[in-house]
Protein chains: 2
Amino acid sequence: MREGPDIARIASLVGDPARANMLNALMGGTALTASELALEAGVSLPTASSHLSKLMEGGLLTLASQGRHRYYGLAGPQVAGMIEAITGVAEAVGPKRVRPGPRDGAMRVARVCYDHLAGEQAVAMLDRLVEKDILLRDDKEIRLGPSASSHFAAMGIDVGARPRRPVCRACLDWSVRRSHLAGTLGAAILDKILSEKWARREKNSRAVVFSPPGKQAFERAFLG
Amino acid sequence: MREGPDIARIASLVGDPARANMLNALMGGTALTASELALEAGVSLPTASSHLSKLMEGGLLTLASQGRHRYYGLAGPQVAGMIEAITGVAEAVGPKRVRPGPRDGAMRVARVCYDHLAGEQAVAMLDRLVEKDILLRDDKEIRLGPSASSHFAAMGIDVGARPRRPVCRACLDWSVRRSHLAGTLGAAILDKILSEKWARREKNSRAVVFSPPGKQAFERAFLG
DNA sequence: GGAACGCTTCGATGAGGATCAAACTATGCG
DNA sequence: CGCATAGTTTGATCCTCATCGAAGCGTTCC
């Protein structure tokens, strides 16, 4: 019988399938409306609304009202990190997946992880950046290499500005089981990929699909 | 309605207060028997047994049978990391703690976090090691400094041997909200603290209590 | 062997909570 | 205004699951 932070309360919020699906959907980084989340979770609107108010009360979500739309989003990177940690365990101990499926395939290649890129492409990118000494990795830790600043500046990304979040962080990829790049640099790179239209978000999914020329451009920029 | 790793299943395992208390107790790193865990969780033995079999089935625990004793322990660092992540969120969003209590105070000063030291002492130690350039920290990442190898070798800790786990890792301290040292180095330091009898484990708690001379020795070694 | 101990299984009970239909509130549009 | 859309609240139903007493199983010790 012990006290301390009430982890059971938080975990039980994530422990309902409907709410877990909602949180999973919000891992895409974009805020969604109650209707979209109801669809995503496969429950009726009233049910979804009830779940959302619980998640709000639990402090896991933020709410932005715009007219008659109410956009729900993850409360922050800490919450996203927790979801990733749980996902990692679920992946590790879960039953071997029976049939990957096509959509799952796309998710493995590239997907959004809160605000940065994840999946095989992201892991390959980090590998290459380390290989070229632009980033330095010791085991699971990542830092900027000497040429990082100029290298990223050339493509319009400023790594000098340091907000409260770390510039680069390792994030364990649940599909590949190796690290990819998170942090503000990871977020900036995803921004560039999307704004340059190298890839687009799959609708209602975290999957990121590269166009053929976009894939070439991406590889030239980060895997070349 | 999406598939992927079943995070709701894992989260709901942690989402029950009795199970959460058990997992919390196991964060001390030592394996415990069913009776001890029942006591810890404040439930009867049959109830505890039922919970334990669920946690086993979920892959969160390991079991070691020795005679008529059955020792339950966390399944690995990944599970421990997940618990820490959930604890962090719970601490962040949870209600302001009303009355810290004496035992809670000891926990804040120093405690075991799976296999390494956490709490104010641990945060101070990491700060000092970074200040002396024995370890290098960039934001949340930590790596060995040039003098690390000889410095730790002098106190009988070999940082050269690199098993699959990283040597140093940052672990966010839920009480101080700053990083402390995890990884094999963190584990080795905790080993030393306990084997040198600088401190002892509080019974039935994660708290670590330094003896007055032990505290001096610890500070000379790591904070000097 | 038999008594004590550690733990699990069985069975019955009860409470919490997930669900949806219907009613209600609020915003936007013409 | 009146209607449509977005969302929440209420109320009733149902089911899962946590709980513990009692009984069963395996181990140890005398």
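Values in this document were obtained by computation on a predicted structure and should not be read as measured data. In what follows, every chain begins at residue 1, and chains take the letters A, B, ... in the order their sequences are listed. Values below: all heavy atoms of this structure, side chains included; hydrogens, waters and symmetry mates excluded.
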Test item: [X] side-chain N/O and [Y] main-chain N/O as donor-acceptor pair under 3.5 Å:
| X | Y | result |
| --- | --- | --- |
| B/Ser50 | B/Pro46 | no |
| A/Ser195 | A/Asp191 | yes |
| B/Ser12 | B/Gly15 | no |

Spacing between [X] atom [atom1] and [N] atom [atom2], to the nearest angstrom:
| X | N | atom1 | atom2 | answer |
| --- | --- | --- | --- | --- |
| B/Leu45 | D/dG24 | CG | P | 18 Å |
| A/Glu57 | D/dT9 | CD | P | 11 Å |
| A/Asp16 | D/dC15 | CG | C1' | 13 Å |
| A/Leu52 | C/dA18 | CG | P | 13 Å |
| A/His69 | D/dA4 | NE2 | P | 17 Å |
| B/Leu37 | C/dT8 | CG | C1' | 15 Å |
| B/Asn21 | D/dA18 | CG | C1' | 14 Å |
| A/Met56 | D/dG7 | CE | P | 14 Å |

* Structure fact -> Note: for A/Pro46 and A/Ser12 on DNA chain C, the residue whose nearest nucleotide lies more 5' is A/Ser12

* Out of D/dC20, D/dA6, D/dT19, which has the shortest distance to the side chain of B/Ser44? -> D/dC20

If the cut-off is 4.0 Å, is [X] near the phosphate of [N], judged by side-chain N/O to OP1 or OP2?
| X | N | answer |
| --- | --- | --- |
| B/Lys54 | D/dC17 | no |
| A/Thr47 | C/dT19 | no |
| B/His51 | D/dT19 | yes |
| A/Arg70 | D/dT8 | yes |
| A/Tyr71 | D/dG7 | no |

* To do: Would you indicate what B/Thr33 reaches in the nucleic acid, counting non-hydrogen atoms under 4.0 angstrom: base, sugar-phosphate, or nothing?
  => sugar-phosphate

* To do: Check the angle between the aromatic planes of A/Phe218 and A/Phe222 and answer parallel, tilted or perpendicular using the 30° and 60° thresholds.
  => tilted

* **Any B/Leu23 side-chain heavy atom under 4.5 Å of B/Val14 side chain** => yes

